[in-house]
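In each ligand, atom 1 is the first atom listed, and ligand 1 is the first ligand listed. Everything numeric in this text was worked out from a predicted model, so none of it was measured. Residue numbers start at 1 and run along the sequence shown.
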Amino acid sequence: MALELVTAGESHGPALTAIVTGLPAGLELDKELIDADLRRRQQGYGRSPRQKLEADTVEVLSGLRHGRTLGTPLTLVVSNKDHANWTWGMSPWPPDEEPSGKGAKRVTLPRPGHADLAGVLKYGHADVRNALERASARHTAVHVAAGAVAKALLTELGIAVAGRPVEVGGATTEEGMRAATDEARNARDTLGGIVEVVATGVPPGLGSYAEKRDRLDARLAFALMGIQAVKGVEIGDGFDLARRRGTEAHDEIDPGLTRRTNRAGGIEAGMSNGEPLVVRAAMKPLPTLMRPLDSVDLESGEAASALVERSDVQAVEALAVVAEAAVAFELARAALDKLGGDALVDVLAAHRAYLARIGDRWQPR
Ligand code: EPS
């Protein structure tokens with residue numbers, strides 16, 4: 001059974017949930033490690049006051065006993081503390097009481113760049129909130145929890161995955177990124193940026209050239225483009241390769257099977273090639289603005305300014321953690337496709353056997 005993930009939950013509903021299927025039995029999970037990634041996701045510079053309200057931590061409802069996976073569906077839950085302010089607004093059942101708290105008022109001013117307009121048109125909602133609650137990047141929290149589980153499996157296989165911001169609002173140094181964030185905050189504006197995820201210890205042969213859906217690069221693009229606000233993904237030298245000649249674009253093979261360069265970002269023909277995996281994702285500036293863009297009031301049909309709500313100035317550091325989780329999950333999926341078994345010991349035995357077969361020709365890097 002392939003490693004799969006399904007999630008549920010609204011931004012201001014009671015909780016976010018992820019169900020992970022296809023994990024082998026016997027994998028040891030550490031709540032502290034999962035919670036540490038949840039905290040990392042919340043900590044970036046330029047985050048909204050919402051992050052002071054939330055203290056994300058994982059709860060496990062199934063698939064784990066005494067810290068080890070059972071090989072059955074694993075249910076991860078991250079609660080929304082802010083839900084306490086939205087009990088009327090996000091009540092699943094028709095509330096008995098008079099409207100109170102947040103979400104009591106209908107939202108009719110769609111924000112350009114968010115799910116608001118296409119969401120209400122698609123689903124026939126009268127309240128934009130019905131679209132924006134699920135479209136919110138809040139639910140990346142539970143993807144990060146699932147990514148932490150995937151990383152536990154990858155650690156067993158000697159694979160490490162790390163994401164970091166490389167650009168915020170055009171700035172490429174930490175100091176510059178903070179200054180750009182401060183400037184945007186003062187101008188009551190928002191920023192985007194670029195993150196990079198690198199995975200080391202990835203053996204050659206994860207993914208496949210045989211079918212498009214199994215290509216590791218296609219899976220990574222799918223996983224990263226699926227994250228809110230991501231508008232571009234590149235692997236290795238990506239778009240820049242299109243501007244070079246072939247002699248300057250590929251990675252020559254040395255007798256030890258090492259490469260002098262890694263322009264391909266560790267993937268050739270949809271498979272890992274044994275070099276470090278290097279993937280980048282570009283994030284657009286966040287669409288919830290304190291200086292709203294022109295929009296339309298869906299109730300009156302008249303021109304109006306878009307909805308103004310508290311927002312992050314930028315969430316690029318958060319994206320780095322979310323992208324790391326997405327890459328980890330896809331690598332774990334590809335690893336289990338290649339080495340899969342019902343029990344972790346079977347996965348590890350298959351891993352050892354595979355490395356022994358290619359081992360004299362490939363060393364982890
Ligand atoms: C988000 C809007 C903000 C962010 C939120 C994503 O939420 P709120 O409207 O409640 O202030 O803080 O992100 C999170 C809460 C989170 O944990 O990442 C959006 O519209 O996508």
Side-chain angles (χ1 to χ4, degrees), residues 7 9-18 34-58 76-87 89-90 101-105 107 109-120 127-148 163 165 181 184-185 188-193 195 226-231 283-290 292-293 295 306-326:
T7 70
E10 278 72 42
S11 180
H12 304 100
L16 309 158
T17 304
I34 303 175
D35 285 349
D37 274 353
L38 290 173
R39 268 195 304 280
R40 277 172 70 215
R41 194 197 69 90
Q42 292 193 275
Q43 275 167 0
Y45 197 66
R47 294 287 266 148
S48 119
R50 171 85 185 266
Q51 299 309 329
K52 295 202 170 64
L53 288 172
E54 304 292 349
D56 293 343
T57 173
V58 74
L76 307 169
V77 175
V78 177
S79 296
N80 295 320
K81 283 198 171 168
D82 200 14
H83 180 63
N85 302 311
W86 295 74
T87 48
M90 289 303 292
K102 298 212 173 140
K105 207 169 154 280
V107 180
L109 304 170
R111 290 160 295 174
H114 218 293
D116 304 356
L117 180 57
V120 292
D127 187 345
V128 169
R129 179 151 308 284
N130 288 344
L132 70 84
E133 279 291 328
R134 176 63 181 163
S136 164
R138 168 71 186 154
H139 90 257
T140 58
V142 88
H143 281 269
V144 166
T181 306
R185 184 188 293 108
R188 302 167 72 230
D189 218 326
T190 61
L191 295 176
V195 302
I227 301 170
Q228 287 82 350
V230 170
K231 295 298 263 183
M283 183 185 213
K284 68 185 180 182
L286 300 171
T288 306
L289 296 165
M290 299 307 287
L293 298 174
S295 183
L307 171 70
V308 177
E309 279 201 334
R310 70 177 171 204
S311 170
D312 311 74
V313 178
Q314 53 96 352
V316 183
E317 281 167 86
L319 175 65
V321 179
V322 177
E324 174 185 301

Trainee: Considering only heavy atoms of R47, which atoms of ligand 1 have at least one such atom less than 4.0 Å away?
Mentor: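 Heavy-atom distances to R47 below 4.0 Å select 16 (C), 18 (O).
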Trainee: Counting non-hydrogen protein atoms only, what is the nearest one to atom 18 (O) of ligand 1? Give residue, atom name and distance.
Mentor: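 Answer for atom 18 (O) of ligand 1: R41 NH1, 2.7 Å.
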Trainee: Within less than 4.0 angstrom of ligand 1, does H12 place any heavy atom?
Mentor: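 In this structure, H12 qualifies as a contact of ligand 1 - some heavy atom is under 4.0 Å.
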Trainee: For residues A315 and L286, report the shortest heavy-atom separation together with the two atoms involved.
Mentor: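 Looking at all heavy atoms of both residues, the shortest contact is N-CD1, 4.0 Å.
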Trainee: Going by distance alone, is a donor N or O of one side chain under 3.5 Å from an acceptor N or O of the other, for D82 and N85?
Mentor: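 The criterion, which ignores hydrogens and geometry beyond distance, is satisfied for N85 and D82.
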Trainee: Is there a side-chain contact between L289 and T190 in this structure, where contact means two heavy atoms from C-beta onward sitting under 4.5 Å apart?
Mentor: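 They are in contact (side-chain heavy atoms under 4.5 Å apart), so the answer is yes.
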Trainee: Given T17, which of L76, V78, V142, V77 fulfils the side-chain contact (heavy atoms from CB on, under 4.5 Å) condition?
Mentor: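 Looking at L76, V78, V142, V77, the match for T17 under the side-chain contact (heavy atoms from CB on, under 4.5 Å) is V77.
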Trainee: So which bit of Q228 gets within less than 4.0 Å of ligand 1, heavy atoms only: side chain, backbone, both or neither?
Mentor: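 It is neither; nothing of Q228 touches ligand 1.
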Trainee: Looking at S48, which atoms of ligand 1 are within less than 4.0 Å of one of its heavy atoms?
Mentor: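 Near S48, meaning under 4.0 Å from one of its heavy atoms, ligand 1 has 11 (O), 12 (O).
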Trainee: Given D56, which of Q51, R138, K81, R39 fulfils the side-chain hydrogen bond (donor to acceptor under 3.5 Å, both in side chains) condition?
Mentor: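 It is R138; the other options fail the test.
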Trainee: Heavy-atom distances under 4.0 Å decide this one: backbone, side chain, both or neither, for H114 against ligand 1?
Mentor: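 It is the side chain that touches ligand 1; the backbone stays farther off.
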Trainee: Examine D82 against ligand 1 and note whether any of their N/O atoms are separated by less than 3.5 Å.
Mentor: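 Among all N and O atoms of D82, none is under 3.5 Å from an N or O of ligand 1.
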Trainee: Quick one: do the T181 and R47 side chains pair a donor with an acceptor below 3.5 Å?
Mentor: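 No, because no side-chain N or O of T181 sits under 3.5 Å from a partner of the opposite role on R47.
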Trainee: Considering only the protein, which heavy-atom contact is closest to atom 9 (O) of ligand 1, and what is its distance?
Mentor: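 Of every protein heavy atom, E309 OE1, 3.8 Å lies nearest to atom 9 (O) of ligand 1.
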Trainee: Heavy atoms, side chains only, cut-off 4.5 Å: are Q42 and E54 in contact?
Mentor: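 In short, these two side chains touch, coming nearer than 4.5 Å.
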Trainee: Any idea which protein heavy atom is nearest atom 5 (C) of ligand 1, and the distance to it?
Mentor: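 Going by distance alone, atom 5 (C) of ligand 1 is nearest to S136 OG, 4.1 Å.
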Trainee: Tell me, which protein residue and heavy-atom name are nearest atom 14 (C) of ligand 1, and how many Å apart are they?
Mentor: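 Going by distance alone, atom 14 (C) of ligand 1 is nearest to Q51 NE2, 3.4 Å.
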Trainee: Relative to ligand 1, is L132 under 4.0 angstrom through side chain, backbone, both or neither, heavy atoms considered?
Mentor: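 Neither part.
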Trainee: Starting from atom 4 (C) of ligand 1, locate the nearest protein heavy atom and write down its residue, its atom name and how far away it is, to 0.1 Å.
Mentor: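 The closest one turns out to be D312 OD1, 3.3 Å.
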Trainee: Hey, does T140 come in under 3.5 Å of ligand 1, counting only N/O atoms on both sides?
Mentor: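 No; every N/O pair is 3.5 Å or more apart.
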Trainee: Taking atom types as modelled and ignoring hydrogens, do the side chains of H143 and R41 form a donor-acceptor contact shorter than 3.5 angstrom?
Mentor: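 No.
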Trainee: Which heavy atom of P165 sits nearest to which heavy atom of V316, and what is that distance?
Mentor: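 Heavy atoms of P165 and V316 come nearest at CB-CG1, 3.8 Å.
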Trainee: With backbone taken as N, CA, C and O and side chain as the heavy atoms from C-beta onward, which portion of R50 lies under 4.0 Å from ligand 1: side chain, backbone, both, or neither?
Mentor: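 Under 4.0 Å from ligand 1, R50 contributes side-chain atoms alone.
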Trainee: Short N/O distance, under 3.5 Å, between A137 and ligand 1?
Mentor: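 N/O-N/O distance below 3.5 Å exists for this pair.
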Trainee: So is R310 in contact with ligand 1, going by heavy-atom distances below 4.0 Å?
Mentor: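 So R310 counts as touching ligand 1.
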Trainee: Heavy atoms only: give me the nearest L132-L307 pair and the separation to one decimal.
Mentor: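 Distance-wise, the nearest heavy atoms are CD2-CD2, 4.3 Å.
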